[in-house]
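Only a predicted model underlies this, so the values are computations on that prediction, with no experimental measurement involved.
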Amino acid sequence: MEDLVKLREEIDGIDKEIVSLYEKRMGISERVAEYKIETGKKVFDKQREQEKLAALGALVHSDFNKNGVEELFQLIMSISRKRQYQLLTQKGAIGRLPFIGVDRLDTENARVVFQGADGAYSQAAMMQYFGEQISSFHVDTFRDAMVAIDEGRADFAVLPIENSTAGVVSEIYDLLVEFENYIVGEQVIRIEHCLLGLPEATLSDIKTVYSHPQSLMQSARFLSEHPAWQQISMKNNAFAAKKVQADGDVSQAAIASEHAAKIYGLEVLEKGVNQSGSNSTRFIIVTNQKIFRKDARKVSICLELPHESGSLYHMLSHIIYNDLNMNKIESRPIEERNWEYRFFIDFEGNLGDFAVKNALRGLRDEARNMKILGNY
C-alpha cells in the first residue's frame, strides 16, 4: 500500500506546476487581448473554443477524463475572456452603453400613468414616489400603461413587479421584454388590505366580496371565517371598491386599501384582513428614455441562454468575477420555444462602473440575447 503522505506530496508538486502554467497561459491571454484591441476582433469566438475543447478532449483516454478536461478548459477559457474584457475596458475599447446618466429625473410637468383606478395601490405608490401633486391618469391594464409611455402620452408609468407574499407579477417581466421602456426607479409600499363596505353596512350584511385574486388569496384566513360569503375576482382592488360604491348594495364589500375607502366614501368594516403583517409590494417606475440616475445602485437585465449544459453558470460567472452582488434571479418561458427560458437578473451597481461594464460586455457577447432593463 502506498504512503498517503507521499501521494499528497506528489499532488502538491503537480498543483504547483498547474499554477505556474496557468499564470503563463494568462500572460499570453493578455497579449491576445492587446491584439484584439488593435484589430477590433471580438473576444468571444465560440467556434474556436468548441474546436479547442474537442481537440483537448481527444488527448485523454477515458470518457470520465474527457468530460473533466472539457469542463476544466471551459472554465479556464471563461476566466481568460473575463481578463480580456477587463483590459478592453481599461483601454477604453469596450464602447459606450446606450444609456445617459442624469443627476435627477425630470418630473416637472411630467404625466404619470398607473394601472387600475383611483384608490389603487399603484396610485399610492405613485404619490409616494412623485408627490401628491403629480399629474396622472389611470388605464385598465398593464399593457395599456406600457403603450401610454411608449407612445409618449405619459412620461412615466408605475407598475407592480413583486409582492413579498404572492411573488412576482410575471406579466410585467414579459412586457419589459416586449417594449423599449426602461426602469428608472422603484417604490416599495406596505400592503394592508381592509374590508370596505357602504357607510351603513355591517359585517352581518355582507354576502359578496370583490377583490383582485391575489388579495383574496392573501386574505384567505379572514375569509375562511365567513364561508357563506361569495368571493368574486376583479382586475384591481380599486375597481372592486368602485363597484361597491356604484352599486349601493349593503350586501357587497371590497377588499382594498384604506386609501380606496377615502376615495369612494366607503366604510372600513375590518382593517388588516391580509394574514401577513409584513406584506409589501415593490413597484417600478418606467419611462421610454434610455436614462439612469448617476447615483443608481441596482441594474436589471434579461437574457436568453444557449440551450446547453452549464450555460447559466457561465453567464452568472460574469457577475461573480466582477465582484458584483446579485440579489435576484427569475425565469420566464420563451414563447414558441418549448423548455427554453429567459432569465431576469438584478445585481448591485451603476452603468458607469467599470465592473458593471465588464460584466455586461461579457454577457452581451456570450448570451443568445441580452437587454438592459434599467439602472435605478
Side-chain angles (χ1 to χ4, degrees), residues 102 104-164 166 168-173 175-176 179 181-194 196 211-212 214-215 218 234-242 245 254-266 274 279-289 291-293 295-298 300 346 373-376:
V102 297
R104 62 180 182 84
L105 299 180
D106 183 8
T107 59
E108 190 174 349
N109 300 319
R111 293 203 77 200
V112 183
V113 61
F114 63 92
Q115 182 270 340
D118 290 333
Y121 284 112
S122 294
Q123 185 185 45
M126 177 194 70
M127 289 179 173
Q128 284 193 33
Y129 191 88
F130 291 99
E132 294 192 4
Q133 303 307 313
I134 194 73
S135 173
S136 67
F137 65 98
H138 53 78
V139 292
D140 288 346
T141 68
F142 297 140
R143 174 175 288 278
D144 290 340
M146 287 297 241
V147 169
I149 52 173
D150 189 55
E151 295 179 345
R153 289 185 285 115
D155 301 292
F156 300 97
V158 179
L159 299 166
I161 195 166
E162 180 181 17
N163 179 267
S164 59
V168 300
V169 185
S170 57
E171 183 183 351
I172 301 299
Y173 283 100
L175 291 171
L176 285 168
F179 288 85
N181 297 327
Y182 304 93
I183 308 170
V184 290
E186 67 179 353
Q187 179 68 50
V188 178
I189 66 168
R190 183 172 177 269
I191 303 297
E192 183 180 51
H193 296 322
C194 301
L196 312 182
S211 195
H212 187 275
Q214 282 190 354
S215 300
Q218 291 163 2
M234 301 284 286
K235 285 192 295 184
N236 185 278
N237 292 352
F239 288 150
K242 187 176 182 179
Q245 185 255 357
I255 291 177
S257 67
E258 194 168 2
H259 174 60
K262 294 176 183 176
I263 293 288
Y264 296 106
L266 300 177
N274 49 315
N279 187 5
S280 297
T281 294
R282 181 166 68 96
F283 292 83
I284 53 173
I285 315 302
V286 181
T287 185
N288 64 359
Q289 301 176 66
I291 59 174
F292 67 99
R293 283 180 48 150
D295 61 353
R297 294 312 311 158
K298 182 192 290 186
S300 291
D346 292 349
L373 301 177
N375 188 198
Y376 50 102

(message) Could you tell me if the side chain of Phe179 sits less than 4.5 Å from the side chain of Val286, heavy atoms only?
(response) no
(request) Could I get the full list of salt bridge (charged side-chain N to carboxylate O under 4.0 Å, His left out) partners for Arg111, not counting sequence neighbours? (result) none
(request) State the CD1-CD1 distance between Ile284 and Ile183, to the nearest 0.5 angstrom. (result) 4.0 Å
(request) Answer yes or no: is there a side-chain heavy-atom contact under 4.5 Å between Ile191 and Ile189? (result) yes
(message) If only side-chain N and O atoms count, and only distance matters, is there a donor-acceptor pair under 3.5 Å linking Gln214 with Asn163?
(response) no
(message) Checking Phe130 now: which residues fulfil ring pair (Phe, Tyr, Trp, His ring centres under 6.0 Å) with it, not counting sequence neighbours?
(response) Phe156
(request) Taking all heavy atoms of Asp118 and all of Tyr264, pick out the closest pair and write down the distance. (result) O-OH, 2.6 Å
(request) Please report the closest heavy-atom contact between Val113 and Ala145, naming both atoms and the distance. (result) CG1-O, 3.8 Å
(message) Tell me the closest heavy-atom pair linking Val184 and Thr287, and the distance in Å.
(response) CG1-CG2, 3.6 Å
(request) Verify side chain to side chain contact (heavy atoms under 4.5 Å, CB included) between Tyr129 and Val158, making sure each step is shown before the conclusion. (result) CA-CA 9 Å; Tyr129 191 88; Val158 179; over 6 Å; no
(message) Go through it in stages, so that I can follow the logic: the residues are Asn288 and Glu151, the test is side chain to side chain contact (heavy atoms under 4.5 Å, CB included), and I'd like the CA-CA distance, side-chain angles, deciding distance and then a yes or no.
(response) CA-CA 9 Å; Asn288 64 359; Glu151 295 179 345; over 6 Å; no
(request) Say whether, by atom type as modelled, one donor and one acceptor occur between the side chain of Glu186 and the main chain of Phe283 under 3.5 angstrom. (result) no
(message) I need the single residue from His212, His259, His193 that forms a side-chain hydrogen bond (donor to acceptor under 3.5 Å, both in side chains) with Tyr121. Which is it?
(response) His193
(request) Working to the nearest 0.5 Å, report the span between CD1 of Ile172 and CZ of Arg143. (result) 10.5 Å
